Trainee: 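Starting off with a structure, shown below.
Below, each value reflects all heavy atoms present in this structure, side chains not excepted, and no hydrogens, waters or symmetry copies. These numbers come from a predicted model, not from an experiment.
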Amino acid sequence: MPLTVTLPDGSTQSHPQGATAHTVAAAIGEGLAKAAIGARVNGDLVDVNLPLPGDCTVALVTAPRQNKKGISKWRDEAHEADALMLLRHSAAHVMAEAIERLFPDTLLAYGPALSTGFYYDLSLDTPISTTDFERIEDEIQKIAAEDRPFTRYALEPVAGMARLMAEDNKYKIDNAQKAIAKGAAELSWYATGEQDKNWEDLCQGPHVPRTGLLGAVKVMSVASSHWHGDVTSDRFQRVYGTAFFTPADLDVHLENLEQAKARDHRVIGRSLGLFEIDEMVGQGLVLWKPKGAVVRDQLQKFISEHLERQGYSQVFTPHIGKLDLYRTSGHFPYYADSQYPPLVERDHLKKLSDEGCSCAELTASMSDGTIEGYMLKPMNCPHHIRIFASDKHSYRDLPVRLAEFGTVYRWEQSGELGGMTRVRGFTQDDAHLFVTPEQLAAEVLGCIELVKIVFKTLGMNDYRVRVGLRDPDSSKFVGEASDWDAAENACIAAAESLDVPFSKEPGEAAFYGPKIDFVVKDVIGREWQLGTVQVDYQLPQRFDLSYTGSDNAEHRPIMIHRAPFGSMERFIGCLIEHFNGSFPLWLSPEQVRVLPISDKFNDYATTVLDALKDQGLRCSMDTSSNRVNGKIKVAQEDKVPYMLVVGGKDADAGTVSVRHRTDGDRGAVPLADFVAAAVKERDERELG
RNA sequence: GCCGCCCUAGCUCAGUGGUAGAGCACACCCUUGGUAAGGGUGAGGUCGUGGGUUCAAAUCCCAUGGGCGGCUCCA
């Protein structure tokens, strides 16, 4: 019985059993048959030479054509993503073959394609180092030059497992067992060339039809990884690479990476003098320099305005607290590994010493929690809870909303630290809301409103939202199912109100309640969680919090933890990259710079400067011996939004010659007009 | 914490065993200028730190601190 194939345009073809996507392409045209490297069959990405499963929809994935410069042209992003996915998965195979040629004792584990490239996890005693990359690339080139076909063959599970057992690669055996457990009807192998003759690898596919399609493959880096992601399990070397259809495409990619590097908040932070992380102060501890402090201060003021409007009360709490506080909250000693060790009081330490306590015993008592002392706070909630508990509350008082830009300290692993996005001391834009069950939904929504306002003001539309729900398959959560339902519904409704993509992620809730997380990407594509809104039934119970209801009985409040931007460090780190260091006027450390064309006009320039200062604009004057061009160059590099070039003509007319950092020369305008416009732009927090 | 790479002037970097270099920034002098760098002179470094090998170490080896990219973790 023939197959009916439906194409993307809705037209249909009839083909005999055994037809492939290639057959379909050939029926349309010879050129398309040559260009087809894979297909979406019923939506799944598959080999172009895989027999079609029956009546189906087929959308061909083609190799791209190139422009004169050799850069690939794509129909759309989906086409590009599909074609590159096929190519990179194939590149991972060819790289594995190359590495096995060079290092025969390599055991392969797992080699997927990524959105920007691919990697292969492999077990090998010899460390692969950057000096090996070129050799590996050369081998890849040879295999690509041979233009061998990717040949797929499959065995049913029993035969397949027998074959794998004989090969004795426990990682591949494990991969196969997992596939079978998931219901795979067969195990497939891909040979680069002919079955049983050329190199082959257990693999689900799909692949491009020939190694010759690998126009440019580059080995990028090597890192360590672990089997099943388990630190205690076997260690792999993970070799990262990327692949493109043409060398020109690779060059574009590498160029983009270079540009991203220049946009990195660590680079900009240094060049603009925003912050410093000093070895002598300590890893992961940020020093906010005067210019960075301006950005942070302006942002905090902006957020504070909205907190006040929304009925928050600002509080201040100390940076340390007694260990008992954290025993009650559950942070100590349970999370001792991610905290700075306790601060032990002199008397207590002396007493232990007098009793003959050894260092080992002291260490043990710190980790088992029997030590007495204080701790740098890892979270602000316990302090805020004690503020709430210090008064007797009526249901009429609720919701109580306590906000603090609260600084916390966490012991992050050294290998994880970097720039401002992962630090050991940071200030959260934190708040804790104590609410009745009836108030929960509205209060969660209120938290989201602030996120909306701030992201909109900053022009940050490119973020995603995760709603973490309880694990449905287990009792990995505390509390009543009905409470969870109410809280989860509140979180989902709040996320829906944002008009951005959000995902529901069962099992990703905290054990004490569901949460909403806000995630953004940095310039090199890494995702960072910024803010979070979490519903918590647990801490009010641990601290035995209560309020008196209208029934004159005691009730337990629900807590909402919320830090919509996470921490000032991480948020501003991301903000620096978002703006590429060119902050909008209201956030710019220096808003206007006056550039007298020579020191003959310093007097007039000073008049201009004073007029700016009168309106509270952050400004300076460049009195260096540079010429105007030089002064502009420096101001542009400092990303100062407005440069006011002033000379004789301006002094005579009472004007300033305005240059904007992105628009360039805007011509002369009366001083008062410029000041008024700048004040408006600043006060309305325009994006500029 | 683990794997790989890196650390030379304030910054960005060159320097493969034989007397420490450049550009920018900085200081001073000349230049007094109209929209992305005018010219000159000068100061600035125990080459991350500690050991070792060597007649001789920025350079080779070991340890250690810090950075980068991943892995793992992120209450």
Trainee: Would you kindly give the CG-to-C1' distance between Asp638(A) and rA37(B), to the nearest whole Å?
Mentor: 13 Å
Trainee: Please confirm whether any donor atom in the side chain of Lys633(A) sits under 3.5 Å from an acceptor in the base of rA37(B), or the reverse.
Mentor: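 Yes, the side chain and the base share a sub-3.5 Å donor-acceptor pair.
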Trainee: Restricting to pairs with a member in residues 559-570 of chain A, which pass salt bridge (charged side-chain N to carboxylate O under 4.0 Å, His left out), not counting sequence neighbours?
Mentor: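 Pairs touching residues 559-570 of chain A that pass the test: Arg296(A)-Glu569(A).
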Trainee: Could you tell me whether the side chain of Gln636(A) and the main chain of Arg661(A) form a donor-acceptor pair under 3.5 Å?
Mentor: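 Yes, Gln636(A) side chain to Arg661(A) backbone: donor-acceptor pair under 3.5 Å.
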Trainee: Please determine whether any donor N or O and acceptor N or O are separated by less than 3.5 Å between the side chain of Arg410(A) and the base of rC73(B).
Mentor: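 Per atom types, no contact qualifies.
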Trainee: Would you say Arg266(A) places a side-chain N or O within less than 4.0 Å of OP1 or OP2 belonging to rC68(B)?
Mentor: yes
Trainee: Assign each of Arg666(A) and Gly229(A) to its nearest nucleotide of RNA chain B by heavy atoms, then name whichever residue's nucleotide is nearer the 5' end.
Mentor: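 Looking at RNA chain B, the more 5' nearest nucleotide goes with Arg666(A).
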Trainee: Say you pick atom P in rG21(B) and the same atom in rA9(B); how far apart are they, in whole Å?
Mentor: 14 Å
Trainee: Suppose you measure atom C1' in rA63(B) against the same atom in rG69(B); what distance do you get, rounded to whole Å?
Mentor: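 Taking atom C1' in both rA63(B) and rG69(B), they lie 24 Å apart.
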Trainee: Check the orientation of Tyr340(A) and Tyr409(A). Use parallel for under 30°, tilted for 30 to 60°, and perpendicular for over 60°.
Mentor: perpendicular
Trainee: Base, sugar-phosphate or nothing for Gly419(A)? Non-hydrogen atoms, less than 4.0 Å.
Mentor: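 The residue Gly419(A) makes sugar-phosphate contact but no base contact.
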Trainee: Atom CG of Asp622(A) and atom C1' of rU35(B): how far apart are they, to the nearest Å?
Mentor: 13 Å
Trainee: Could you tell me the separation between the OH atom of Tyr335(A) and the P atom of rC74(B), rounded to a whole number of Å?
Mentor: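 The distance from OH of Tyr335(A) to P of rC74(B) comes to 8 Å, rounded to the nearest Å.
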Trainee: Does the Lys322(A) side chain pair with the main chain of Met375(A), one donor and one acceptor, at a distance under 3.5 Å?
Mentor: no
Trainee: Over how many whole Å does the gap from Gln534(A) atom CD to rC74(B) atom P extend?
Mentor: 13 Å
Trainee: When you measure from the side chain of Thr242(A) to the backbone N and O of Thr116(A), does any donor-acceptor pair fall under 3.5 Å?
Mentor: yes
Trainee: Base, sugar-phosphate or nothing for Arg238(A)? Non-hydrogen atoms, less than 4.0 Å.
Mentor: sugar-phosphate
Trainee: Over 60° means perpendicular and under 30° means parallel, so classify the ring planes of His253(A) and Phe244(A), tilted if in between.
Mentor: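 Phe244(A) and His253(A): tilted rings.
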Trainee: For the residue pair Asn580(A) and Ser582(A), confirm or rule out a side-chain donor-acceptor distance under 3.5 Å.
Mentor: no
Trainee: Does Gln237(A) reach the main-chain N or O of Thr126(A) with its side chain, forming a donor-acceptor pair under 3.5 Å?
Mentor: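 Yes: the side chain of Gln237(A) pairs with the backbone of Thr126(A).
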Trainee: For Tyr642(A), enumerate each residue passing the ring-ring contact (aromatic ring centres under 6.0 Å, His included) test, keeping only those at least two apart in sequence or located in another chain.
Mentor: His660(A), Phe674(A)
Trainee: Would you check if the side chain of Ser233(A) reaches a backbone N or O of Gly229(A) as a donor-acceptor pair within less than 3.5 Å?
Mentor: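 Flag not set: sc Ser233(A) to bb Gly229(A) has no pair under 3.5 Å.
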Trainee: Which is true for Ile524(A) with a 4.0 Å heavy-atom rule: it touches a base, it touches only sugar-phosphate, or it touches nothing?
Mentor: sugar-phosphate
Trainee: Taking atom C1' in both rC7(B) and rA58(B), what distance in whole Å separates the two?
Mentor: 11 Å
Trainee: Reading RNA chain B from 5' onward, which residue's closest nucleotide shows up sooner: Ile277(A) or Val658(A)?
Mentor: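 Its nearest nucleotide lies further toward 5', so the answer is Val658(A).
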Trainee: Looking at the side chain of Ser225(A), which of rC73(B), rG69(B), rC71(B) is the nearest nucleotide?
Mentor: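 Nucleotide nearest to Ser225(A)'s side chain: rC71(B).
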Trainee: How close or far is atom P of rC68(B) from atom CG of Leu257(A), stated in whole angstroms?
Mentor: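 Going from CG in Leu257(A) over to P in rC68(B) covers 17 Å.
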Trainee: How far does the P atom of rU49(B) sit from the matching atom of rG33(B), given to the nearest Å?
Mentor: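 Per the computed distance, 49 Å lies between those P atoms.
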Trainee: For rC6(B) versus rC47(B), give the span between their C1' atoms, rounded off to a whole number of Å.
Mentor: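 One C1' to the other, the span is 14 Å.
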Trainee: Tell me: CZ of Arg570(A) to C1' of rC74(B), nearest whole Å?
Mentor: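 Distance check: Arg570(A) CZ to rC74(B) C1' gives 8 Å.
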Trainee: Figure out the CZ/C1' separation between Phe118(A) and rG70(B), and round it to whole Å.
Mentor: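 For the pair Phe118(A) CZ and rG70(B) C1', the rounded distance is 15 Å.
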Trainee: Please measure how far the P atom in rA22(B) lies from the corresponding atom in rG67(B), and state the result in whole Å.
Mentor: 30 Å
Trainee: Does the ring center of Phe388(A) lie less than 6.0 Å from the ring center of His383(A)?
Mentor: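 Judged by ring-centre distance (under 6.0 Å), Phe388(A) and His383(A) do not meet the cut-off.
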Trainee: For Tyr171(A) and Asp234(A), test the side chains for any donor-to-acceptor distance below 3.5 angstrom and give the result as yes or no.
Mentor: yes
Trainee: Keeping Arg424(A) on the side-chain end and Glu412(A) on the backbone end, is there a donor-acceptor pair under 3.5 Å?
Mentor: yes
Trainee: Check nucleotides 64-66 of chain B against the protein and report each pair of N or O atoms closer than 3.5 Å, with its distance, or say if there are none.
Mentor:
from, atom 1, to, atom 2, distance (Å)
rG65(B), O2', Glu279(A), OE2, 3.4
rG66(B), OP1, Gln283(A), OE1, 3.3

Trainee: Spell out, as yes or no, whether a donor-acceptor pair under 3.5 Å connects the side chain of Lys289(A) to the backbone of Phe275(A).
Mentor: no
Trainee: Using a heavy-atom cut-off of 4.0 Å across all strands, would you classify Leu595(A) as base, sugar-phosphate, or nothing?
Mentor: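 Contact class for Leu595(A): none.
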Trainee: Report each atom pair, protein N/O against N/O of nucleotides 3-13 of chain B, whose distance is under 3.5 angstrom.
Mentor:
from, atom 1, to, atom 2, distance (Å)
rC3(B), O2, Ser224(A), N, 3.3

Trainee: Please give, in whole Å, the distance from rC74(B) C1' to Arg526(A) CZ?
Mentor: 15 Å
Trainee: Between rC26(B) and rC11(B), how far is it from one C1' atom to the other, in whole Å?
Mentor: 12 Å
Trainee: What pairs of nitrogen or oxygen atoms, one from the protein and one from nucleotides 30-34 of chain B, lie under 3.5 Å apart?
Mentor:
from, atom 1, to, atom 2, distance (Å)
rU32(B), O2, Ser598(A), OG, 3.0
rU32(B), O2, Asp599(A), N, 3.2
rU32(B), O2, Asp599(A), OD1, 2.9
rU32(B), N3, Asp599(A), OD1, 2.8
rU32(B), N3, Asp599(A), OD2, 3.3
rU32(B), O4, Asp599(A), OD2, 3.3
rG33(B), N9, Ile597(A), O, 3.2
rG33(B), N7, Ile597(A), O, 2.5
rG33(B), N7, Ser598(A), N, 3.3
rG33(B), N7, Ser598(A), OG, 3.4
rG34(B), O6, Gly648(A), N, 2.9
rG34(B), O6, Lys649(A), N, 2.6
rG34(B), N1, Asp650(A), OD2, 2.7
rG34(B), N2, Asp650(A), OD2, 2.6
rG34(B), N2, Ser657(A), OG, 2.4

Trainee: Please state the C1' separation for the pair rC29(B) and rC13(B) - nearest whole angstrom.
Mentor: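 Result for the C1' pair: 29 Å, nearest Å.
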Trainee: State yes or no: are the ring centers of Tyr335(A) and Tyr326(A) separated by less than 6.0 Å?
Mentor: no
Trainee: For RNA chain B, what are the stems built from at least three Watson-Crick or G-U pairs in a row, each pair having both distances below 3.5 Å?
Mentor: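 If one scans RNA chain B for consecutive Watson-Crick or G-U pairs, the stems found are B:1-7 with B:65-71, B:10-13 with B:21-24, B:26-30 with B:38-42, B:48-52 with B:60-64.
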Trainee: Scan Gln339(A) against the nucleic acid and name what it touches under 4.0 Å (heavy atoms): base, sugar-phosphate only, or nothing.
Mentor: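 Answer is base: heavy atoms of Gln339(A) come under 4.0 Å of a base.
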Trainee: Using the six-membered ring wherever Trp is involved, compare the ring planes of His93(A) and His89(A) and label them parallel, tilted or perpendicular (cut-offs 30° and 60°).
Mentor: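 Taking His89(A) first and then His93(A), their aromatic rings stand perpendicular (interplane angle over 60°).
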